[in-house]
Amino acid sequence: SQTIHQWPATLVQPVGSPLSLECTVEGTSNPNLYWYRQAAGRGLQLLFYSVGIGQISSEVPQNLSASRPQDRQFILSSKKLLLSDSGFYLCAWSEAGSMETQYFGPGTRLLVL
Amino acid sequence: SQKIEQNSEALNIQEGKTATLTCNYTNYSPAYLQWYRQDPGRGPVFLLLIRENEKEKRKERLKVTFDTTLKQSLFHITASQPADSATYLCAPTFDTGRRALTFGSGTRLQVQP
């Protein structure tokens, strides 16, 4: 069966520090991968999605970036965190060639101070 | 631009009653629409998918309807239980070529024992 991992589970970082969040999927090949952010009490905001290695689509301009160095690995990064980057970050995957059902990871709660 | 509207106010109902949640969209009709459940601090979990040529879909105590004339989907939970308390998100998929879902902001359901 397929599983999705995210780490770390929680992170407290100072303003201006770098960020790297990792997401990996097991049990499937060539999945579509997604990064979302959810501010407290708000809806999901799609940040990036990827349909293959090295293929990244950005949904909103910001100081975050994403990379997909391997088929089932998706990384969210920032060179310098802002206070507004605080939130709940969720990684998700869907079957190759489909954007139907999405399966979400456990999330990373990021607090920028 | 496409809008997805879910009631931002929490829905409070008594245990055993039927909960009905609404998802409205503007402009184009989606090819299909999904409903997800999200518990606090967790990622969303897929519940049901209904296609544009389907009027109704059922799964155990859950029922989803899809009215392309009204541009609306209704999500029903019959014989509700306190364990059904969560936020429910709708995600219509529009045939725009964009390989990603857009989620509504969700409606929080609270089932009182």
Side-chain angles (χ1 to χ4, degrees), chain A residues 2-11 21 23 25 30-52 55-60 66 68 74 87-111, chain B residues 1-10 21-25 30-54 57 59 62 64 66 86-110:
Chain A
Q2 301 91 356
T3 54
I4 178 169
H5 304 279
Q6 276 187 255
W7 63 91
T10 59
L11 193 58
L21 302 182
C23 171
V25 180
N30 195 30
N32 299 320
L33 295 172
Y34 309 86
W35 276 112
Y36 292 88
R37 177 170 60 202
Q38 190 171 36
R42 307 288 294 275
L44 291 169
Q45 179 188 33
L46 179 64
L47 301 175
F48 302 93
Y49 67 94
S50 170
V51 299
Q55 300 178 63
I56 309 293
S57 295
S58 174
E59 286 289 299
V60 291
R68 186 171 175 172
F74 205 24
F88 189 43
Y89 288 81
L90 287 157
C91 181
W93 72 274
S94 65
E95 293 286 352
S98 166
M99 53 178 175
E100 292 190 359
T101 302
Q102 290 194 7
Y103 302 93
F104 286 81
T108 294
R109 190 160 300 283
L110 172 66
L111 180 60
Chain B
S1 63
Q2 200 74 14
K3 269 190 176 181
I4 304 164
E5 296 173 348
Q6 291 188 260
N7 193 340
S8 58
E9 292 182 18
L21 306 174
T22 305
C23 176
N24 295 300
Y25 56 90
Y32 51 89
L33 188 148
Q34 302 179 58
W35 283 89
Y36 288 75
R37 168 185 173 141
Q38 186 175 22
D39 292 285
R42 309 288 292 273
V45 174
F46 170 75
L47 295 175
L48 281 168
L49 181 151
I50 186 166
R51 301 186 184 281
E52 61 179 334
N53 60 348
E54 298 175 314
K57 201 78 165 285
K59 179 183 175 183
L62 309 181
V64 171
F66 196 3
T87 296
Y88 292 85
L89 310 170
C90 75
T93 299
F94 303 95
D95 190 16
T96 61
R98 178 172 169 270
R99 308 279 289 276
L101 296 179
T102 300
F103 286 84
S105 55
T107 298
R108 193 164 69 86
L109 172 67
Q110 189 70 38

Trainee: Answer yes if the side chains of A:Q38 and B:Q38 hold a donor-acceptor pair under 3.5 Å, and no otherwise.
Mentor: yes
Trainee: Taking atom CZ of B:R37 as the centre, report whether more than 12 heavy atoms of other residues, nucleotides or ligands fall under 6.0 Å from it.
Mentor: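 Counting other residues, nucleotides and ligands, CZ of B:R37 exceeds 12 neighbours.
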Trainee: Say you draw a straight line from OH of B:Y36 to OG1 of A:T101; how long is it, rounded to the nearest 0.5 Å?
Mentor: 5.0 Å
Trainee: For the interface with chain A, which of B:G41, B:S105, B:G104 has the highest count of heavy-atom pairs at distances below 4.5 Å?
Mentor: B:G41
Trainee: Minimum heavy-atom separation for A:L90 to B:P44, with atom names?
Mentor: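 It is CD1-CD, 3.9 Å.
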Trainee: Heavy atoms only: give me the nearest A:Q102-B:F103 pair and the separation to one decimal.
Mentor: OE1-CE1, 4.2 Å
Trainee: Check each atom of A:Y103 against the heavy atoms of chain B and say whether the ones under 4.5 Å are side chain, backbone, both or neither.
Mentor: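 Looking at A:Y103, nothing touches chain B.
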